[in-house]
Amino acid sequence: MKLLRVGPPGAERPIVLGQDGAAYDLSGRARDIDGAFLAGLDPAELAREVAAGALPVTDIAGQRVGAPVARPGKVVGIGLNYRDHAKEAGAAIPDEPVIFLKPSYTVVGPYDEVLVPRGGDKTDYEAELAIVIGRTARYLESHQAAAEVIAGYTIANDVTERAFQFERGGQWDKGKSAETFTPLGPWLVTADEVADPQRLPLRLWVNGELRQDGSTAQMVFPVLELVRYASRFMVLEPGDVIVTGTPAGVTLGHPGAAFLAPGDIVELEIDGLGRQRQVLGKA
């Protein structure tokens, strides 16, 4: 199933897209697509409801698309998780996953404006596969156990202000935490519809120029290992999001290339998960 949220910020409605492409309103059975909804989600049962005509058809044309998950409890970032990106960044491939946290207020819709922060002059993009957690997870022992807590997948742009990340005391969180810095969506595609999360091509363009062209097959640590590993250090709760790292092609890896500026257009896609588009503005 493809789940999404439409409407103004703070007033989005939960929607499910049927196999026929029609949009069905979930408002009668769910307050929102949030942790509580995901904890009880049964994609097969929801598909039966759609097929049986139990949900009203709704017209979402022209409406804003919000992030597919209502404000997550936390966004867990993974750094240097693609070999080619680590190389372009001049960093060693890590022996264990590099983890950082992004505040939940950074999450916006896939077509919302992204703001260059005040004092920032090296704003960068990062196309990433995002994992959405559907069950509480702590101290997972196996990849099978990790698979059982994943609700689905979506697209993230892990926007980063490199000047804050590297030139203001060495704190990654400083460079990752500006408002609007985690566009998500357009859809949450349930895990049963993603045959292999390690075989997903992902691409990103800036002003029409292809900058990133990679595949999740290039990850250092695969999806299931990231979930298992993260659960050893923190409790993962329904609605939490893990952004899994980015392939080569970020501005940081190309000395002399221009960082993002107001007016720039960033577009990114992952096969089967949809496409995003953001216009840069200024905070």
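Start at 1 with the first residue, then count along the sequence.
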Are R48 and E45 close enough for a salt bridge, meaning some N to O gap below 4.0 Å?
no
Test side chain to side chain donor-acceptor pair (under 3.5 Å) on E148 and Q144; report intermediate values, then the result.
CA-CA 7 Å; E148 293 171 359; Q144 177 59 41; 3.1 Å; yes
Main-chain N/O of R83 paired to Q218 side chain as donor or acceptor, under 3.5 Å:
no
Shortest non-hydrogen contact from V108 to A67?
O-CB, 3.6 Å
Residue pair V159, T180: steps toward the side chain to side chain contact (heavy atoms under 4.5 Å, CB included) verdict:
CA-CA 8 Å; V159 185; T180 76; over 6 Å; no
Side chains of Q278 and N157: donor-acceptor distance under 3.5 Å anywhere?
yes
Without placing hydrogens or testing angles, list every side-chain donor-acceptor pair under 3.5 Å for residues 51-61, not counting sequence neighbours.
residue	atom	partner	partner atom	Å
T58	OG1	R13	NH1	3.4
D59	OD1	A61	N	3.0

Is there side-chain contact between L3 and L41, with heavy atoms separated by less than 4.5 Å?
yes
Following the transitive rule for hydrophobic clusters with a side-chain heavy-atom cut-off under 4.5 Å over Ile, Leu, Val, Met, Phe, Trp and Tyr, establish whether L4 and Y153 coincide in one cluster.
yes
Of L202, V189, T216, which meets side-chain contact (heavy atoms from CB on, under 4.5 Å) against I270?
L202
Report yes if some heavy atom in the side chain of I131 is under 4.5 Å from a heavy atom in the side chain of V227; otherwise report no.
yes
Working to the nearest 0.5 Å, report the span between NZ of K87 and CD1 of I93.
10.0 Å
Which pair of non-hydrogen atoms, one from A146 and one from L224, has the smallest distance, and what is that distance?
CB-O, 3.5 Å
Those residues at least two apart in sequence (or on a different chain) that pass side-chain hydrogen bond (donor to acceptor under 3.5 Å, both in side chains) with Y229 are E96
Cluster check L46, I133: I/L/V/M/F/W/Y, side chain < 4.5 angstrom:
no
Rounded at 0.5 Å granularity, tell me how far NZ in K122 sits from CD in E167.
3.5 Å
Salt bridge (charged side-chain N to carboxylate O under 4.0 Å, His left out) with R162: which residues, sequence neighbours excluded?
D124, E126
For the residue pair L38 and L188, establish whether any side-chain heavy-atom pair is separated by less than 4.5 Å.
yes
Give a yes or no on whether the backbone of A178 and the side-chain of E161 come within a donor-acceptor separation of less than 3.5 Å.
no
Strictly distance-based, threshold 3.5 Å: is any side-chain N or O of T251 a donor or acceptor partner for the main-chain N or O of A257?
no
What pairs of residues pass the ring-ring contact (aromatic ring centres under 6.0 Å, His included) test when at least one of them lies in residues 72-107, not counting sequence neighbours?
F100-W172
What's the spacing between F181 CZ and L115 CG if we round to 0.5 Å?
8.5 Å
For E237 and T136, test the side chains for any donor-to-acceptor distance below 3.5 angstrom and give the result as yes or no.
no
Main-chain N/O of T160 paired to Q165 side chain as donor or acceptor, under 3.5 Å
no
For the CD atom of E193 and the CE atom of M1, what is their distance to the nearest 0.5 Å?
7.0 Å
Is the backbone N or O of K174 less than 3.5 Å from a side-chain atom of S177, with the two atoms forming a donor-acceptor pair by type?
no
Decide yes or no for L260 and V114: does some side-chain heavy atom of the first lie under 4.5 Å from some side-chain heavy atom of the second?
no
Results of salt bridge (charged side-chain N to carboxylate O under 4.0 Å, His left out) for D158 - residues two or more places apart only
K102, K176
What are the two closest non-hydrogen atoms of T244 and L129, and how far apart are they?
OG1-O, 2.7 Å
Counting heavy atoms not belonging to E113, are there more than 12 under 6.0 Å from its CD?
yes
Counterpart residues, side-chain hydrogen bond (donor to acceptor under 3.5 Å, both in side chains), relative to D34 (two or more places apart):
R31
Does any N or O in the side chain of R5 come within less than 3.5 Å of the main-chain N or O of P186, such that one atom is a donor and the other an acceptor?
no
Compare every heavy atom of A156 with every heavy atom of L268, then report the nearest pair and how far apart it is.
CD1-O, 3.6 Å
Main chain of P247, side chain of D84: is a donor-acceptor contact present, judged purely on distance under 3.5 Å?
no
Mind checking side-chain hydrogen bond (donor to acceptor under 3.5 Å, both in side chains) for E128 and listing every partner two or more places apart, or none if nothing turns up?
none
Flag side-chain contact, heavy atom, 4.5 Å: F221 against I78
no
The side-chain hydrogen bond (donor to acceptor under 3.5 Å, both in side chains) partners of D20 (sequence neighbours excluded) come to Y24
Assigning hydrophobic clusters by single linkage (Ile, Leu, Val, Met, Phe, Trp, Tyr; side-chain heavy-atom cutoff under 4.5 Å), is I242 placed with V223?
yes
Output all residues satisfying salt bridge (charged side-chain N to carboxylate O under 4.0 Å, His left out) with R64, sequence neighbours left out; order by chain, then residue number.
E12, D112
Over all heavy atoms of both residues, which pair between P117 and A283 is shortest? Give the atoms and the distance, please.
CA-CB, 4.0 Å
Any chance you could measure T154, atom OG1, to K2, atom NZ, to the nearest 0.5 Å?
11.5 Å
ring-ring contact (aromatic ring centres under 6.0 Å, His included): which pairs involve residues 106-141, sequence neighbours left out?
none
Membership question, hydrophobic clusters at under 4.5 Å side-chain separation (ILVMFWY): are V6 and L273 in the same one?
yes
Other hydrophobic cluster members with W205, side-chain heavy atoms of Ile/Leu/Val/Met/Phe/Trp/Tyr under 4.5 Å, chained?
L210
Can you get from V250 to F259 by hopping between Ile, Leu, Val, Met, Phe, Trp and Tyr side chains that sit under 4.5 Å apart?
no
Would you sort out whether E49 and R29 count as a side chain to side chain contact (heavy atoms under 4.5 Å, CB included), showing the intermediate values?
CA-CA 11 Å; E49 288 188 42; R29 73 182 301 273; 3.3 Å; yes
Crowding at CG, D95 (>12 non-hydrogen neighbours, <6.0 Å)
no
Does anything in residues 268-282 form a salt bridge (charged side-chain N to carboxylate O under 4.0 Å, His left out)? List the pairs, not counting sequence neighbours.
R203-E269, R203-D271, E267-R275, E269-R275
V76 and L101, any side-chain heavy atoms less than 4.5 Å apart:
yes
To the nearest 0.5 angstrom, please state how far the CG atom of L200 sits from the CE atom of M219.
8.0 Å
With a 4.5 Å limit on heavy-atom distance, are the side chains of L226 and N81 in contact?
yes
Contact summary for F37 and D32, nearest pair of heavy atoms
CB-O, 3.3 Å
